[in-house]
*Asks:* 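Structure below; questions to follow.
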Amino acid sequence: MDRARPIVRRPLAALLTATAVAAAGVTALTPDARAADADLARNGGFEAGLDGWNCPAGTTVTSPVRTGASALKATPAGSDNARCAQTVTVKPDSAYTLSGHVRGAYVHLGASGTGTTDVSTWTQSAPDWQKLTTTFRTGPSTTSVTIYIHGWYGTGAYHADDITLVGPGGETGQPPAPPAGLSASGVTATSVSLSWSPAAGATSYAIYRDGARIRTVTGTSTTVTGLSPSTAYAFQVAALNDAGESARSATVTATTSAPDSGGGDPGLPAHALVGYLHASFANGSGYTRLADVPDSWDVIDLAFGEPTSVTSGDIRFERCPAAECPGVESDAEFKAAIRAKQAAGKKVLISIGGQNGQVRLTTTAARDTFVSSVSRIIDAYGLDGLDIDFEGHSLSLDTGDTDFRNPKTPVIVNLISALKTLKARYGDDFVLTMAPETFFVQLGHQFYGSGPWGGQDPRAGAYLPVIHALRDDLTLLHVQDYNSGPIMGLDGQYHSMGGADFHIAMTDMLLTGFPVAGDAGNVFPPLRPDQVAIGMPATVNAGNGHVSPAEVVKTLDCLTKGADCGSYRTHGTWPSLRGLMTWSINWDRFGGWEFQRTFDGYFG
């Protein structure tokens, strides 16, 4: 996505300070600390079932067991690592030892939210009980940490027993008051969006459906999916902190609608309008407050979260300062606007990357830092999910990496792993979108990576393995059909920007599938139409390839109705095509909301 913004260089002293803090993360227990130490993990032996643990893919078993009568068994799926976690009250600036006994393939034990360096340890194969141990020191203001255990995607069940967190206990205080203001909105045939007011002292919230607890979230909104059409449901919310759970809120009821013939993701309307909001910078389009974004916009991508360095994986989201963005809202107003959008059934995401935000997860350490830093942004603002807008040299394929189904390049493998981890952490409600350029997707029809003999641009088609690995988790793919050179379509002809033909040909490739690097035996499978939105610039100022409203309508008529397709013959019609994406909301406002009005006029 194009924008103009000065480069901010961070002082070397700040980086050296951060390195020194990280190096101090593992500290030996002193004799004085040992005297006050206790085991702070709740139900670490799983003798009380899963009490104290958030463990959607786990259960307790009576065999195999290391001690006592029960142990944990959790089974990862292809898109879920079977994570079990609990939040523990700790003291600031104190040393802790986390241990547990495990068996099974690929078992991980770790702690996050330490305030210093998050830690983890793992074993690749444990045919019998094996002890895992790691240590950490809490930060100067850290009062709680999350300890967790998980397996790896599709590698089989693991077992765990006797998990302990040894160190000085913190002050637990009192449970929070029940949340107020619970309301239901965004009702579809299979989902209901809930929102409520924050409860003082709450660290998370438990969601109840018809009296049964179904999930825990950290924000003040969620979308409950997997519901039956034309069915009444009763919802309640309770507030949680380290001292316990509040009484439940007042009950709100909602009745799902009749089945939607458009199909698709239940958290979005049948046809959605997606746009990027300049939240961290200003340019010629002017600053737009989140609360002033019209209701037509169903998905709002906050642009951008950016890394502290290209390979750090440490993503930061810094809102635009008042000196650069006159009229910018306060943090409190910004968060209130997010909650208001969510209450109206809209999705608000953090977009990572952009034109200036190069992200290369070259190591597993960078991968883990990416997961933890993105999670902090999502939790801090109560966001619905994540948009990946990696551009430039963020993704490229190593020489010899020629199979999009089985990538070997670290930056590709680590990104896939990070996104699967985030999806597993936040569950089915997590919205995951991607906004690659045509160079990284449709160009893969002709060229993939550096090619079998080398010499090609290694970035060609480099998004394909990421999209393919995440296709079951991907909410939306909206390729940027702009700032693009000519691309060969499935008709063997080159198509160029400037009219409906380009959008029709590029979208037909996504919905039909296409041979990669011209190999008819190596076909990139089609995506579902409800996963695809068409990316277009909002105005001539927003990017090369802007088309008039008449060309937008012609594109939609061809792809959804088979009408007015021009010379290109599509391989089907897709009435459940999700909709349109644009760069950007700010530029559309600058242009008198022409793009929004075109979408509204077509889909109603």
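Here, residue 1 is the first one in the sequence, and each next residue gets the next number. The model shown is predicted, which means the values in this text are computed figures rather than measured ones.
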*Asks:* Given the rule in the side chain to side chain donor-acceptor pair (under 3.5 Å) test, do Asn54 and Gln86 qualify, once you have shown the distances and angles that lead to the verdict?
*Replies:* CA-CA 6 Å; Asn54 182 11; Gln86 67 170 269; over 6 Å; no
*Asks:* List the steps and the verdict of side chain to side chain donor-acceptor pair (under 3.5 Å) for Ser351 and Asp301.
*Replies:* CA-CA 6 Å; Ser351 180; Asp301 293 315; 5.7 Å; no
*Asks:* I'd like to check the ring-ring contact (aromatic ring centres under 6.0 Å, His included) partners of Tyr148; sequence neighbours left out, ordered by chain and number.
*Replies:*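 With sequence neighbours excluded, Tyr148 shows a ring-ring contact (aromatic ring centres under 6.0 Å, His included) to His150, given in chain and number order.
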*Asks:* Quick one: are Val166 and Tyr96 in side-chain contact, heavy atoms under 4.5 Å?
*Replies:*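 Sidechains of Tyr96 and Val166: no contact.
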*Asks:* So, for Thr133 and Ser99, which heavy atoms are closest and what is the spacing to 0.1 Å?
*Replies:*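 Heavy atoms only, the tightest pair is OG1-OG, 3.1 Å.
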*Asks:* Just by modelled atom types, is the Tyr106 backbone N or O under 3.5 Å from a matching donor or acceptor in the Thr155 side chain?
*Replies:*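 No, the answer is negative, given that no donor and acceptor are paired below the 3.5 Å cut-off.
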*Asks:* Please collect all disulfide (SG to SG under 2.5 Å) contacts where either partner lies in residues 81-112, sequence neighbours excluded, each pair once.
*Replies:*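 Found Cys55-Cys84.
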*Asks:* Inspect the contact between Lys347 and Asp298 and indicate whether a charged nitrogen and a carboxylate oxygen are less than 4.0 angstrom apart.
*Replies:*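 Looking at Lys347 together with Asp298, the answer is no, because their closest N to O distance does not fall below 4.0 Å.
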*Asks:* Rounded at 0.5 Å granularity, tell me how far CZ in Arg66 sits from NZ in Lys131.
*Replies:*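 The CZ atom of Arg66 sits 7.5 Å away from the NZ atom of Lys131.
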*Asks:* About how many Å separate CZ of Arg339 and CZ of Phe334, when rounded to the nearest 0.5 Å?
*Replies:*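 These two atoms lie 12.0 Å from each other.
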*Asks:* For side chain to side chain contact (heavy atoms under 4.5 Å, CB included), just list the numbers for Asp387 and Ile352, CA-CA rounded to whole Å, side-chain angles, deciding distance to a tenth of an Å, and then say yes or no.
*Replies:* CA-CA 6 Å; Asp387 173 69; Ile352 306 298; over 6 Å; no
*Asks:* Would you say that Trp129 contacts Asp161 through its side chain, given a criterion of any heavy-atom pair below 4.5 Å between the two side chains?
*Replies:*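 Trp129 reaches Asp161 side chain to side chain.
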*Asks:* Indicate yes or no: at least one non-hydrogen side-chain atom of Leu240 is less than 4.5 angstrom from one of Pro176.
*Replies:*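 No; the side chains remain at least 4.5 Å from each other.
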*Asks:* So which atom in Pro436 and which in Leu477 form the shortest heavy-atom distance, rounded to 0.1 Å?
*Replies:*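 Pro436 and Leu477 have their closest heavy atoms at CD-CD1, 3.5 Å.
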*Asks:* Taking all atoms of both residues into account, what is the closest heavy-atom pair of Ser197 and Pro179, and its distance?
*Replies:*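 The answer is O-CB, 4.1 Å.
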*Asks:* Is the backbone of Asp368 close enough, under 3.5 Å, to the side chain of Ser372 for a donor and an acceptor to pair up by distance?
*Replies:*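 Looks like yes, one N/O pair under 3.5 Å.
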*Asks:* Just how far is it from atom OG of Ser70 to atom CD of Glu47, taken to the nearest 0.5 Å?
*Replies:*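 The OG atom of Ser70 sits 5.0 Å away from the CD atom of Glu47.
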*Asks:* So does Phe390 get a backbone contact from the side chain of Tyr463, meaning a donor-acceptor N/O pair under 3.5 Å?
*Replies:*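 Checking the backbone N and O of Phe390 against the side chain of Tyr463, a donor-acceptor pair under 3.5 Å is found.
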*Asks:* If you take the centroid of each ring, where Trp contributes its six-membered ring, are Phe317 and Tyr381 closer together than 6.0 Å?
*Replies:*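 Yes, they do, as the ring centres are separated by less than 6.0 Å.
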*Asks:* Between Tyr158 and Trp152, is the ring centroid distance below 6.0 Å?
*Replies:*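 That pair fails the under 6.0 Å test.
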*Asks:* Could you tell me whether the side chain of Ser280 and the main chain of Ala303 form a donor-acceptor pair under 3.5 Å?
*Replies:*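 Yes, because the side chain of Ser280 sits within donor-acceptor range (under 3.5 Å) of the backbone of Ala303.
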*Asks:* Between Ser312 (side chain only) and Asp314 (backbone N and O only), is there a donor and an acceptor less than 3.5 Å apart?
*Replies:*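 At least one qualifying donor-acceptor pair exists.
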*Asks:* Can you check side chain to side chain contact (heavy atoms under 4.5 Å, CB included) on Thr138 and Thr116, steps first, answer last?
*Replies:* CA-CA 6 Å; Thr138 53; Thr116 54; over 6 Å; no
*Asks:* As an exercise, state the distance from CD1 of Ile416 to CG of Asp473, rounded to the nearest 0.5 Å.
*Replies:*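 Ile416 atom CD1 to Asp473 atom CG measures 11.0 Å (nearest 0.5 Å).
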*Asks:* Salt-bridged, Lys335 to Glu329, with N to O below 4.0 Å?
*Replies:*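 No.
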*Asks:* Looking only at side-chain N and O atoms, does Gln236 offer a donor or acceptor that is under 3.5 Å from a partner on Ser249?
*Replies:*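 Distance-only check fails for Ser249 and Gln236.
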*Asks:* Walk me through whether Thr89 and Leu40 qualify under side chain to side chain contact (heavy atoms under 4.5 Å, CB included).
*Replies:* CA-CA 8 Å; Thr89 301; Leu40 307 179; over 6 Å; no
*Asks:* Using a 4.5 Å cut-off on heavy atoms from C-beta on, say whether the side chain of Asn414 contacts that of Thr364.
*Replies:*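 Thr364 vs Asn414: side chains touch.
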*Asks:* How many angstroms lie between CG in Leu349 and CD1 in Ile378, if you round to the nearest 0.5 Å?
*Replies:*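 Leu349 atom CG to Ile378 atom CD1 measures 8.5 Å (nearest 0.5 Å).
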*Asks:* Is there a donor-acceptor contact under 3.5 Å from the side chain of Gln531 to the main chain of Leu474?
*Replies:*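 Side chain of Gln531 to backbone of Leu474, a donor-acceptor pair under 3.5 Å: yes, one is there.
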*Asks:* Donor-acceptor check, side chain of Thr60 to backbone of Phe46, threshold 3.5 angstrom: yes or no?
*Replies:*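 No; judged by distance alone, with no hydrogens or angles, the pair does not exist.
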*Asks:* Between Thr433 and His478, which heavy-atom pair has the shortest distance, and what is it?
*Replies:*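 Taking every non-hydrogen atom into account, CB-NE2, 3.7 Å.
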*Asks:* Heavy-atom distance under 4.5 Å between the side chains of Val274 and Leu476, does that happen here?
*Replies:*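 Val274 reaches Leu476 side chain to side chain.
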*Asks:* Please check if the side chain of Thr216 supplies one atom and the backbone of Ala206 the other of a donor-acceptor pair under 3.5 Å.
*Replies:*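 No, Thr216 side chain to Ala206 backbone: no donor-acceptor pair under 3.5 Å.
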*Asks:* Give me the atom names and distance for the closest heavy-atom approach of Ala71 to Pro64.
*Replies:*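 Here Ala71 and Pro64 meet closest at CB-O, 3.5 Å.
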*Asks:* Say whether Ser373 and Arg316, considering side chains only, have a donor N or O and an acceptor N or O under 3.5 Å apart.
*Replies:*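 The criterion, which ignores hydrogens and geometry beyond distance, is not satisfied for Arg316 and Ser373.
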*Asks:* How about Leu527 and Ile467: do any of their side-chain heavy atoms sit closer than 4.5 Å?
*Replies:*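 Yes, their side chains come closer than 4.5 Å.
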*Asks:* Below 4.5 Å, heavy atoms only, C-beta onward: do Leu383 and Val431 meet side chain to side chain?
*Replies:*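 A side-chain contact is absent here, since even the closest heavy-atom pair is not under 4.5 Å.
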*Asks:* Can a donor-acceptor pair be found, under 3.5 Å and without considering hydrogens, that links the side chain of Ser221 to the backbone of Ser195?
*Replies:*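 No; judged by distance alone, with no hydrogens or angles, the pair does not exist.
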*Asks:* Between Lys346 and Asp384, is there a salt bridge with N-O shorter than 4.0 Å?
*Replies:*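 Salt bridge flag = no for Lys346 with Asp384.
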*Asks:* Taking the side chain as every heavy atom from C-beta outward, state whether Leu419 and Val371 have any atom pair closer than 4.5 Å.
*Replies:*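 Of all side-chain heavy-atom pairs linking Val371 with Leu419, none is under 4.5 Å.
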*Asks:* Which distance, rounded to the nearest 0.5 Å, do you find between the OG of Ser330 and the CD of Glu333?
*Replies:*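 Interatomic distance, Ser330 OG to Glu333 CD, rounded to 0.5 Å: 3.5 Å.
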*Asks:* Would Thr253 and Tyr233 count as a side chain to side chain contact (heavy atoms under 4.5 Å, CB included) if you check the C-alpha gap in whole Å, the side-chain angles of each, and the deciding distance to 0.1 Å?
*Replies:* CA-CA 6 Å; Thr253 59; Tyr233 292 92; over 6 Å; no
*Asks:* Give me each pair satisfying salt bridge (charged side-chain N to carboxylate O under 4.0 Å, His left out) with a member in residues 92-119, each pair once, sequence neighbours excluded.
*Replies:*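 As it turns out, the salt bridge (charged side-chain N to carboxylate O under 4.0 Å, His left out) pairs with a partner in residues 92-119, which skip direct neighbours, are Asp93-Arg137, Arg103-Asp128.
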*Asks:* Mark yes or no for whether Ser141, through its side chain, and Pro92, through its backbone, hold a donor-acceptor pair below 3.5 Å.
*Replies:*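 Absent.
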*Asks:* Tell me the closest heavy-atom pair linking Lys408 and Val413, and the distance in Å.
*Replies:*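 The answer is C-CG2, 3.9 Å.
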*Asks:* Take Thr134 and Thr121 through the side chain to side chain donor-acceptor pair (under 3.5 Å) test and state the conclusion after the steps.
*Replies:* CA-CA 6 Å; Thr134 186; Thr121 183; over 6 Å; no
